[in-house]
Amino acid sequence: MRIGYACLAIAVPGSEMKSCTLKNADRERLLALIEHNLDALGRLIDYNIKNEIKLFRISSDLIPFGSAIGADIAWDHIFAEKFFEIGKKIKDSGMRISMHPGQYTVLNSPKAIVVSAAEKDLEYHAKVLDAIGVDTEHKIVLHLGGAYGDKEDAKKRFICHCRSLKPYLTARLVLENDDRSFNISDVLEAAEKLKLPVIYDNLHNAVNRSDDVTSDSRWIKECKSTWREKDGPQKIHYSQQNTGKKSGAHSETIKTEEFLDYYRDIPAKDTDIMLEVKDKNMSALKCINCVSKRGIKELEQEWGRYKYLVMEHSQAGYQSVRNMLKDKNSYPAVAMYMSIEKSMDKKTEKGDAVNAARHVWGYFKSRASENEKIRFEKTLKKFISGDSQIKSVKNNLLNLSKKYGEDYLLQGYYLYK
DNA sequence: TGACGTCAAGATCCG
DNA sequence: CGGATCTTGACGTCA
């Protein structure tokens, strides 16, 4: 059982992908961006390994315009060494990676130009995984595409176009149910004909159901048989509805209780779960810590990342978690995360936000220059008077953290939320 | 033709 | 000038 997150991580310094606009994309700039992004990916992989996160989706933005003009650059050869290093870390740690072309890669379009762009895009994604040097357990996740007013016809077209793909591409493909057109039954039907594995997405199914009776666990069981030896263990997508946003929108964080209810019903315990959630690695770590017994040390480390964020929302919540972690022989993961969630649900009082900001300022008080002191006080005053958001205060503290190399703060969640 | 989703670049505004 | 905040970009489908 591996649990992971998609594309980018919060509070992992130097892991940000860079890009540019198409009109500025010349060879020289692209090479510089690719080099930067590979280094960023390396740091992300290091972070995953350190935190025992063994499932990870690599961002399609790794190579800017990878399937268009980026295809003219032999980046896999130019940066072979970097790819090799990344691949070695992934393989040595038992990490499983994947990629997921977005909603704009449409293999079943009636337009030939869209289909050929989709093929190029799949080739790009496969080229990344090949360059990293991982086997066919490391998948490219694809949706079937649009319905165009005739779903059956559109399904046939997908199957037909898919059959014409080169074998090295289909070897990596895995199909996923979507939230508009192709529900899980549609996908299973197409996958059966194509002999491709299927990823079950619970929220897509909630929004675009195939029937009203079958439960998540039944669908997971149903999909399991589509995964064969060379495909590796079954993989599923899990997300929760963002209350308040339109149906199908991913939640800010994974709620512990709801996740554990779902998790308990998963039939096979070697299933890999990719979380789709706004807070990314934060939820991945949360779920991992809740289902696998790591150490109290790991929980304390997590608390170190959350504490100023919690302090900002609730003084009582802050004390409550501190008390939980006093017993060094305990492992109160679920209770801790549930308490954190409860605090985060509370609306922030201005006084608490100022208090947390002052605590963080304490890291710099004695080191900061006179100008920095004046600037911080000014920024804080502006927030107190209602003329700016707390985000500007945090940005100020983030810049100080970078300048003074305050890693503890840079790796905590407070400055980024 | 705009909304959809996503994230960073790019543009603009402010002191 | 640096920083904060808004707008654009890049993709295809669908109402």
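The sequence lines fix the lettering, A, B, ..., with proteins before strands; numbering per chain opens at 1. What you see below is based on every heavy atom in this structure, not just the backbone, and it leaves out hydrogens, waters and symmetry mates.
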> Less than 4.0 angstrom between a side-chain N/O of A/Lys246 and OP1 or OP2 of B/dG5, yes or no?
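Result: yes.
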
> Compute the centroid of each ring, for A/Phe79 and then for A/Phe83, and state whether the two points are separated by less than 6.0 Å.
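Here the rings of A/Phe83 and A/Phe79 have centres that are no less than 6.0 Å from each other.
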
> Rounded to whole angstroms, how far apart are NZ on A/Lys23 and P on C/dT8?
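Rounded to whole Å, this separation is 12 Å.
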
> Roughly how many Å is it from CG in A/Asn242 to C1' in B/dC4, rounded to a whole number?
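Atom CG in A/Asn242 sits about 15 Å away from atom C1' in B/dC4.
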
> Describe, in one word, how the ring planes of A/Phe364 and A/Tyr404 are oriented to each other, choosing from parallel (under 30°), tilted (30 to 60°) and perpendicular (over 60°).
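Because their plane-to-plane angle lies in the 30° to 60° range, the rings of A/Phe364 and A/Tyr404 count as tilted.
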
> Specify the separation, in whole Å, of atom CZ of A/Phe158 and atom P of C/dT13.
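The answer, rounded to whole Å, is 14 Å.
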
> Apply the side-chain hydrogen bond (donor to acceptor under 3.5 Å, both in side chains) test between A/Ser98 and each candidate in A/Lys139, A/His138, A/Lys235; give the one that qualifies.
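That would be A/Lys235.
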
> Starting at the 5' end of DNA chain B, which residue's closest nucleotide do you reach first, A/His250 or A/Lys378?
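Looking at the nearest nucleotide for each, A/His250 comes out on the 5' side.
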
> Look at the side-chain N and O atoms of A/Lys278 and state whether any lies under 4.0 Å from the OP1 or OP2 oxygen of B/dT6.
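For A/Lys278, the contact criterion (side-chain N or O under 4.0 Å from OP1 or OP2 of B/dT6) is met.
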
> Rounded to the Å, how far apart are A/Leu398 CG and C/dA4 P?
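Taking CG of A/Leu398 and P of C/dA4, I get 10 Å after rounding.
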
> Identify which nucleotide among C/dC14, B/dG10, C/dG2 has an atom closest to any side-chain atom of A/Asn24, counting heavy atoms from C-beta outward.
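Output: B/dG10.
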
> I want to know whether A/His250 and A/His237 have ring centres closer than 6.0 Å.
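They do not qualify: ring centres at least 6.0 Å apart.
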
> Less than 4.0 angstrom from a charged side-chain N to a carboxylate O is my criterion; do A/Lys382 and A/Glu377 meet it?
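A salt bridge is absent here (no side-chain N lies under 4.0 Å from a carboxylate O).
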
> Angle class for the A/Tyr306/A/Tyr337 ring planes (parallel below 30°, perpendicular above 60°, tilted otherwise)?
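Judged by the thresholds at 30° and 60°, the geometry between A/Tyr306 and A/Tyr337 is perpendicular.
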
> Measure the distance from CG on A/Asp178 to P on C/dG12 and round it to the nearest whole Å.
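Taking atom P of C/dG12 as the reference, CG of A/Asp178 is at 17 Å.
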
> For DNA chain C, whose closest nucleotide is more 5', that of A/Arg180 or that of A/Ser392?
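Mapping each residue to its closest nucleotide by heavy atoms, the 5'-most match is A/Ser392.
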
> If each of A/Lys382 and A/Cys7 is mapped to the nucleotide of DNA chain B with the nearest heavy atom, which maps nearer the 5' terminus, i.e. the 5' end?
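The 5'-side residue here is A/Cys7.
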
> State plainly whether the residues A/Arg157 and A/Asp153 are in salt-bridge range, i.e. N to O under 4.0 Å.
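Here A/Arg157 pairs with A/Asp153 in a salt bridge, since their nearest N and O are under 4.0 Å apart.
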
> Looking at B/dA9, I'd like to know if its phosphate oxygens (OP1 or OP2) sit under 4.0 Å from a side-chain N or O belonging to A/Ser19.
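No, no such contact exists.
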
> A/Ile390 has an atom CD1; how far is it from atom C1' of C/dG3, in whole Å?
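Nearest whole value for this atom pair: 16 Å.
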
> Calculate the interatomic distance between A/Phe182 atom CZ and C/dG12 atom C1'; express it in whole Å.
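Rounding to the nearest Å, CZ of A/Phe182 and C1' of C/dG12 are 14 Å apart.
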
> Which residues, if any, of residues 97-115 of chain A bring a heavy atom under 4.0 Å of DNA chain B?
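Those residues are A/Gln103, A/Tyr104.
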
> Taking only side-chain nitrogens and oxygens of A/Asn396, does any of them come within less than 4.0 Å of OP1 or OP2 of C/dG3?
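It does not, given that no N or O in the side chain of A/Asn396 lies less than 4.0 Å from OP1 or OP2 of C/dG3.
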
> For B/dC7 and A/Lys280 - does any side-chain N or O of the residue sit under 4.0 Å from the phosphate oxygens OP1/OP2?
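Affirmative; the distance criterion is met.
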
> For A/Asn395 and for A/Ala147, locate the closest nucleotide of DNA chain C by heavy-atom distance; then report the residue assigned to the nucleotide nearer the 5' terminus.
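So the residue in question is A/Asn395.
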
> Charged N to carboxylate O under 4.0 angstrom, A/Glu300 versus A/Lys297?
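Result for this pair is no, no salt bridge flagged.
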
> Select one nucleotide: of C/dG9, C/dC14, B/dC7, the one nearest the side-chain heavy atoms of A/Thr21.
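Of C/dG9, C/dC14, B/dC7, C/dG9 is nearest to the side chain of A/Thr21.
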
> Can you figure out which of C/dG3, B/dA9, C/dT13 approaches the side chain of A/Asn399 most closely?
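From the listed options, C/dG3 comes nearest.
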
> Return the value, rounded to whole Å, for the distance between atom CD of A/Glu252 and atom C1' of B/dG5.
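Distance check: A/Glu252 CD to B/dG5 C1' gives 15 Å.
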
